Amino acid sequence: PVHPLHPAYVIYTSGSTGAPKGVLNLHVNVPRIATGSDSIKIHSEDVVLQTCNFAFDGSIFNIFGALLNGATLVLADREALADVEALGELIERNGVTAFLATTAIFNAMMDAAPHKLGGVRMLLFGGEQASEAHLRKALDLLGPGAPINCYGPTECAVFSTTHAPENPGAFRSVVPIGRPVAETRTYVLDERLN
């Protein structure tokens, strides 16, 4: 039998250190972000787009978020991921309603193909610092709470905190990383780890 504390997968990352390492995540971590989140809900009628390489931890949210909630999962091929217009066409053609993308893909979509995101109700992004200008554009296009900035190291299974602004006044010059997702605690430490 599978126990929540049994290993679920290993992802290799260099993270902030630049030194490659394998990160082992447990079964308990997958539902924490795929089904147990209080701020992010995927429904059975959703169409989730897999925009992340399978070697990147963001793929865990898209794949298991869709499969564990009875939603439809659409796989994007390399060509679509390399061409924002093609990715937009894929989103529009398949009626995609939710996905997690890297911040770079999010920014590119906001710059080149925002008109293709009309049916998206939840667009999560993360992996690097968010751009205030791109988030404001997404907020105007998708509406309150639809663009969601995600933060968290691979060791915490995809993301640990989220920020879904309700209005442009919810942030100033820096986009917040947000509050902890369900079953997660965050700590702010000083240089002495206090």
Side-chain angles (χ1 to χ4, degrees), residues 8-9 11 13 15-16 23 25-44 46-53 56-69 71 73 91 96-110 114 117 119-189:
Y9 63 89
I11 294 269
T13 181
S16 58
V23 174
N25 266 296
L26 308 177
H27 278 274
V28 69
N29 292 334
V30 175
R32 180 183 66 81
I33 55 113
T35 62
S37 177
D38 47 359
S39 59
I40 299 166
K41 293 283 186 206
I42 294 179
H43 308 289
S44 59
D46 276 321
V47 178
V48 179
L49 178 63
Q50 172 60 6
T51 60
C52 303
N53 182 305
F56 177 60
D57 68 341
S59 67
I60 301 300
F61 173 79
N62 289 328
I63 293 169
F64 289 102
L67 299 181
L68 293 176
N69 290 293
L73 178 65
I91 290 168
V96 170
T97 58
F99 63 98
L100 169 69
T102 63
T103 302
I105 289 177
F106 169 75
N107 291 345
M109 289 297 298
M110 289 300 106
L117 300 174
V120 174
R121 70 168 189 83
M122 185 171 61
L123 198 168
L124 296 84
F125 58 94
E128 58 188 300
Q129 185 174 348
S131 154
E132 177 189 3
H134 290 100
L135 181 53
R136 286 186 190 284
K137 192 172 188 177
L139 193 54
D140 288 343
L141 175 73
L142 302 174
I148 302 171
N149 185 30
C150 300
Y151 171 79
T154 301
E155 291 83 353
C156 294
V158 189
F159 51 84
S160 305
T161 65
T162 59
H163 176 67
E166 293 295 319
N167 61 66
F171 54 94
R172 297 279 184 244
S173 59
V174 175
V175 178
I177 61 170
R179 300 190 179 281
V181 296
E183 300 179 39
T184 303
R185 287 189 203 146
T186 56
Y187 299 89
V188 177
L189 306 175

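As the structure is a computational prediction, the values presented were derived from the model and not from experiment.
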Taken in chain and number order and not counting sequence neighbours, the residues that satisfy side chain to side chain contact (heavy atoms under 4.5 Å, CB included) with A104 are T102, E128
So with a 6.0 Å cut-off around CZ of R179, is the heavy-atom count from everything else above 12? no
Over all atoms of both residues, closest heavy-atom pair of Q50 and S59: NE2-CB, 2.9 Å
May I ask you to check whether over 12 heavy atoms, not counting those of E183, lie within 6.0 Å of atom CD? no
The reported gap from CD1 in I63 to CG in L68 (rounded to nearest 0.5 angstrom) is 11.0 Å
Pairwise side-chain contact, F64 with V158, heavy-atom cut-off 4.5 Å (strictly under): no
How many angstroms lie between CZ in R136 and CG in L141, if you round to the nearest 0.5 Å? 15.5 Å
Distance (rounded to the nearest 0.5 Å) between M110 CE and F125 CZ: 9.0 Å
L73 CG to I42 CD1 distance, which is reported to the nearest 0.5 Å: 9.5 Å
Nearest 0.5 angstrom please: L142 CG to L135 CG, how far? 10.0 Å
When rounded to the nearest 0.5 angstrom, what is the spacing between CZ in F56 and CZ in F61? 12.5 Å
Would you sort out whether I91 and M109 count as a side chain to side chain contact (heavy atoms under 4.5 Å, CB included), showing the intermediate values? CA-CA 11 Å; I91 290 168; M109 289 297 298; 3.9 Å; yes
Non-hydrogen side-chain atoms of V175 and Q129 separated by less than 4.5 Å: no
Looking only at non-hydrogen atoms, find the nearest pair between I33 and F159 and report the distance. CG2-O, 3.7 Å
Within-4.5 Å side-chain heavy-atom neighbours: T186 and I177: no
Can you see which heavy atom on G127 is nearest to which on T103, and at what distance? N-OG1, 3.9 Å
Taking all non-hydrogen atoms of both residues, which atom of T35 and which atom of K41 are closest, and how far apart? O-NZ, 4.0 Å
Applying side chain to side chain donor-acceptor pair (under 3.5 Å) to T97 and not counting sequence neighbours gives D46
Would a 4.5 Å heavy-atom cut-off, applied to side chains only, mark P180 and R185 as touching? no
Please output the side-chain donor-acceptor pairs of residues 145-157 that fall under 3.5 Å, not counting sequence neighbours, one pair per line with the distance.
from: N149; atom 1: ND2; to: P176; atom 2: O; distance (Å): 2.9
from: T154; atom 1: OG1; to: D57; atom 2: OD2; distance (Å): 3.4
from: E155; atom 1: OE2; to: K21; atom 2: NZ; distance (Å): 2.8

Show your working on side chain to side chain contact (heavy atoms under 4.5 Å, CB included) between M122 and L124 and close with a plain yes or no. CA-CA 6 Å; M122 185 171 61; L124 296 84; 3.5 Å; yes
Between N25 and A8, is there a donor-acceptor pair closer than 3.5 Å when you use the side chain of the first and the backbone of the second? no
Tell me the closest heavy-atom pair linking T13 and V23, and the distance in Å. CG2-CG2, 3.6 Å
Smallest heavy-atom separation, S131 atom then N107 atom, equals CB-OD1, 4.1 Å
Begin with the C-alpha distance, continue with both residues' side-chain angles, and end with the deciding distance and a verdict on side chain to side chain contact (heavy atoms under 4.5 Å, CB included) for R32 and N29. CA-CA 5 Å; R32 180 183 66 81; N29 292 334; 4.2 Å; yes
